[in-house]
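The structure appears below as structure tokens.
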Amino acid sequence: MPWSILELLRSNPDALREALRRRQIDVSFVDEALSLDVYWRKLQAEINELRHQHNVISSSIAKASGEEKARLLEEAKGLRQRLVEAEKELEDVERRRLQALWRLPNIVLDDVPVGGEEATVPIRFWGRPKVYKEFVESFRAQTDRYGFKVDYDLIDWKPVGHADMLENVLRLGDTVKAGEVAGSRFYYLFEDLVWLDLALLLYAVDRLTAKGYQLVLPPYMLRYAVINGVIDLSTFQDAIYKVEGEDLYLIATAEHPLAALYYNEEIYDDELPKKLVGISPAFRKEAGAANKDLKGIFRVHQFHKIEQFIFSRPEDSKQLHEDIISNAEELFQGLGLPYRIVNIASGDLGACAVKKYDLEVWMPAQGKYREMVSASNCTDWQAYRLNIRLVRRKGMERGEYVHTLNSTGIASTRTITAILENFQEPDGTVVIPKVLRKYLEPFERAPKDFIRPRPKRPA
RNA sequence: GCCGGGGUGGCCGAGCGGUCCAAGGCGACGGGCUCGAGACCCGUUACCCGAAAGGGUGCGUGGGUUCAAAUCCCACCCCCGGCGCCA
């Protein structure tokens with residue numbers, strides 16, 4: 001049996017309906033897909049019969065001659081006519097069936113909290129957040145309320161927000177000029193912050209490759225058929241830029257080209273898991289973001305990202321999901337940024353994922369935990385769409401699809417905002433995390449321990 | 001971008017309108033032989049529908065001609081060589 005979702009659709013549609021209910025999606029998608037699948041199978045059987053008759057006649061024409069041949073030709077032509085009609089319908093049904101199947105989201109694991117955004121729950125905390133006195137109540141609402149007791153440092157001065165730090169304190173960024181020349185959500189970064197961006201990327205690449213992840217620099221654009229295999233429709237609409245006049249789309253994360261690395265291929269189970277770390281820019285339209293986070297570089301159209309990606313055997317994906325989120329945690333622990341891990345509620349899961357963890361860092365100037373990392377287990381949802389089959393070496397059994405998992409390692413600009421707020425001193429100086437020193441050391445002009453406010457913008 | 005050559009199953013490679021439901025080889029898998037391994041022998045090794053029998057589809061992708069297309073025509077994509085341009 002093939003794709004797990006198709007298997008469920010045929011054998012236990014109620015389980016699929018339940019998954020859609022949990023995601024707060026219209027359950028009728030299941031019925032539509034089911035009836036199209038049934039009809040498609042029936043129609044295909046009928047057409048196969050017609051084709052068979054046609055094939056029999058066709059091949060006898062080669063041996064026939066004279067009147068017999070003329071008669072067979074007539075008969076074959078007649079059958080052809082009927083087939084053309086029927087095949088037109090099959091094509092139509094096939095297209096609609098596929099569309100319906102591709103609209104189906106993945107199932108939802110049982111340990112995912114059911115509900116909308118508000119149902120998302122923290123499952124663990126790390127670090128000692130700096131909490132400004134006026135944010136204590138809000139802090140409690142994000143910690144105590146869920147039954148966690150998180151130690152914090154009370155501070156009586158209000159840290160400057162990351163956007164102001166960037167533009168008005170450090171003066172190492174210019175989103176106004178970028179807005180003028182490229183539009184909102186673009187930015188110029190200068191000097192120390194550029195070094196910081198590079199150092200963060202190198203840090204994540206170094207740590208992850210040390211764990212055996214293979215370093216990959218992937219294509220930054222993909223064809224429609226490929227990128228459509230990796231993402232759901234809403235991501236496509238909200239995030240993806242298209243290159244005009246070409247069948248090319250800018251990636252929103254290295255996850256997309258990494259998933260596509262085995263497009264239309266078979267992978268033997270004894271080669272799994274394949275663990276990759278990708279480095280790439282991420283281009284995002286942010287079409288659904290409305291006016292959220294317009295200031296600064298928290299939510300931008302373009303940033304750098306180190307991405308973890310795994311192809312796995314189906315039986316290993318749950319454990320590997322825990323592994324990649326803990327890899328990300330190690331990176332943030334190294335940076336010293338206090339965070340919590342949340343188990344994303346069913347209504348907020350992307351269609352591809354059966355479960356998703358976010359890592360959210362405490363932002364002292366906002367009084368909120370904000371998303372820095374997202375780690376998803378997509379099981380066979382992407383692999384089915386990209387046609388990446390699993391072959392079991394023992395007995396050479398086919399028919400399954402590999403599982404895919406992805407997680408941010410470090411997203412540069414977001415992590416920079418977290419550093420600007422968390423390691424800010426009252427005088428505006430930013431203390432650079434010690435783990436980054438190694439990646440700044442080789443460069444003469446790179447900052448090593450501090451980023452200091454500047455009187456005016458460089459360049 | 002232009003000119004020429006080419007894209008066949010996991011890989012190599014034959015076929016160039018009907019006997020192709022794609023030869024042959026390699027690899028992989030299953031079995032035999034063996035104390036075991038190798039060699040050797042037999043078999044399996046694309047996808048879809050079907051409980052099965054069986055049938056259908058598949059030769060880069062999409063169209064077209066034909067009763068019949070891997071084989072002929074058109075468009076596009078990709079690879080190789082040459083020329084041009086260029087970080």
Side-chain angles (χ1 to χ4, degrees), chain A residues 1-7 9-11 33-102 217-229 242-249 257 260-272 274 281 311 313 380 383-402:
Chain A
M1 204 42 175
W3 183 35
S4 64
I5 299 296
L6 182 58
E7 191 172 10
L9 181 71
R10 290 178 180 175
S11 66
L34 187 58
S35 66
L36 278 166
D37 184 53
V38 169
Y39 184 41
W40 171 74
R41 288 197 278 175
K42 179 168 158 270
L43 202 58
Q44 191 172 273
E46 288 170 15
I47 284 181
N48 279 351
E49 179 50 32
L50 278 178
R51 281 174 176 161
H52 177 58
Q53 291 174 25
H54 184 260
N55 284 347
V56 168
I57 294 168
S58 240
S59 61
S60 64
I61 287 175
K63 295 166 219 143
S65 59
E67 267 180 45
E68 174 71 358
K69 185 164 186 169
R71 211 205 68 205
L72 287 170
L73 273 172
E74 277 312 301
E75 206 176 325
K77 274 185 192 170
L79 262 174
R80 190 71 256 172
Q81 292 279 310
R82 286 171 62 196
L83 260 172
V84 167
E85 290 301 305
E87 278 174 346
K88 211 181 283 173
E89 193 185 354
L90 181 68
E91 206 177 301
D92 181 58
V93 171
E94 212 154 34
R95 209 193 63 246
R96 279 160 51 211
R97 168 183 179 266
L98 230 46
Q99 269 175 5
L101 286 182
W102 280 45
L217 193 147
Y220 300 161
M221 302 177 208
L222 296 170
R223 296 178 197 284
Y224 176 81
V226 175
I227 200 160
N228 191 42
K242 183 183 193 318
V243 177
E244 189 176 312
E246 309 224 26
D247 179 24
L248 284 174
Y249 297 80
L261 183 57
Y262 295 96
Y263 181 59
N264 277 336
E265 289 190 38
E266 295 179 335
I267 306 183
Y268 293 110
D269 61 347
D270 55 10
E271 294 167 5
L272 295 171
K274 286 179 185 285
F311 294 95
R313 298 146 79 211
D380 62 354
Y384 167 72
R385 295 159 74 104
L386 291 170
N387 193 27
I388 305 175
R389 286 96 62 198
L390 173 72
V391 181
R392 301 272 180 187
R393 187 69 78 164
K394 187 159 170 63
M396 292 300 277
E397 293 204 25
R398 290 160 208 268
E400 290 171 275
Y401 291 88
V402 301

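All chains are named by letter (A, B, ...) in the order of the sequence lines, taking the proteins before the strands, and each is independently numbered beginning at 1.
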[atom1]-based separation of [M] from [N] [nearest Å]:
N	M	atom1	value
C2(B)	C12(B)	P	29 Å
G63(B)	G15(B)	P	29 Å
G56(B)	A22(B)	P	12 Å
A70(B)	G17(B)	P	13 Å
G82(B)	G25(B)	P	36 Å
C47(B)	U8(B)	C1'	16 Å
A69(B)	C78(B)	P	28 Å
G81(B)	A87(B)	P	22 Å

Nearest-Å distance, [atom1] ([X]) to [atom2] ([N])?
X	N	atom1	atom2	answer
M221(A)	C78(B)	CE	P	13 Å
N48(A)	U57(B)	CG	P	7 Å
L50(A)	C49(B)	CG	P	19 Å
E271(A)	A28(B)	CD	C1'	11 Å
K42(A)	G50(B)	NZ	P	13 Å
R10(A)	C49(B)	CZ	P	5 Å
E94(A)	U57(B)	CD	P	13 Å
E397(A)	A46(B)	CD	C1'	16 Å

Gap between atom [atom2] of [Y] and atom [atom1] of [X] - 0.5 Å precision:
X	Y	atom1	atom2	value
Y262(A)	N387(A)	OH	CG	15.0 Å
R97(A)	W102(A)	CZ	CH2	12.0 Å
R41(A)	Q44(A)	CZ	CD	10.0 Å

Which listed nucleotide ([options]) is nearest to the side chain of [X]?
X	options	result
Q44(A)	A68(B), G56(B), C48(B)	C48(B)
H54(A)	C67(B), U45(B), G10(B)	C67(B)
R398(A)	C47(B), A68(B), G55(B)	C47(B)
N55(A)	U57(B), C49(B), U45(B)	U57(B)
W40(A)	A68(B), G10(B), C49(B)	C49(B)
R51(A)	G50(B), G56(B), A68(B)	G56(B)
R393(A)	A68(B), C77(B), C29(B)	C29(B)
R80(A)	A68(B), G56(B), C49(B)	A68(B)
S58(A)	A28(B), G30(B), C67(B)	C67(B)

Can you tell me the base-pairing partner of [N]? Count Watson-Crick or G-U wobble geometry only, both distances below 3.5 Å, and say none if there is no partner.
N	result
G81(B)	C3(B)
C35(B)	none
C67(B)	G18(B)
G58(B)	none
G10(B)	C26(B)

Map K394(A) and H52(A) onto RNA chain B by nearest heavy atom, then report which one ends up closer to the 5' terminus.
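By nearest-heavy-atom nucleotide position, the 5'-most residue is K394(A).
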Residue whose closest nucleotide on RNA chain B lies nearer the 5' end, I47(A) versus D37(A)
D37(A)
CA sep, side-chain torsions, deciding dist, call: D92(A), R95(A), side chain to side chain contact (heavy atoms under 4.5 Å, CB included):
CA-CA 5 Å; D92(A) 181 58; R95(A) 209 193 63 246; 3.2 Å; yes
Would you classify D247(A) as touching base, sugar-phosphate or nothing, given that sugar-phosphate means primed atoms plus P, OP1 and OP2, and contacts are heavy atoms under 4.0 Å?
nothing
Taking all non-hydrogen atoms of both residues, which atom of V243(A) and which atom of M221(A) are closest, and how far apart?
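Minimum heavy-atom separation between V243(A) and M221(A): CG2-SD, 3.9 Å.
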V93(A) versus L36(A), closest heavy-atom pair with distance
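Closest heavy-atom pair between V93(A) and L36(A): CG1-O, 4.2 Å.
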Backbone N or O of L390(A) within a donor-acceptor pair of the D269(A) side chain at under 3.5 Å?
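No; judged by distance alone, with no hydrogens or angles, the pair does not exist.
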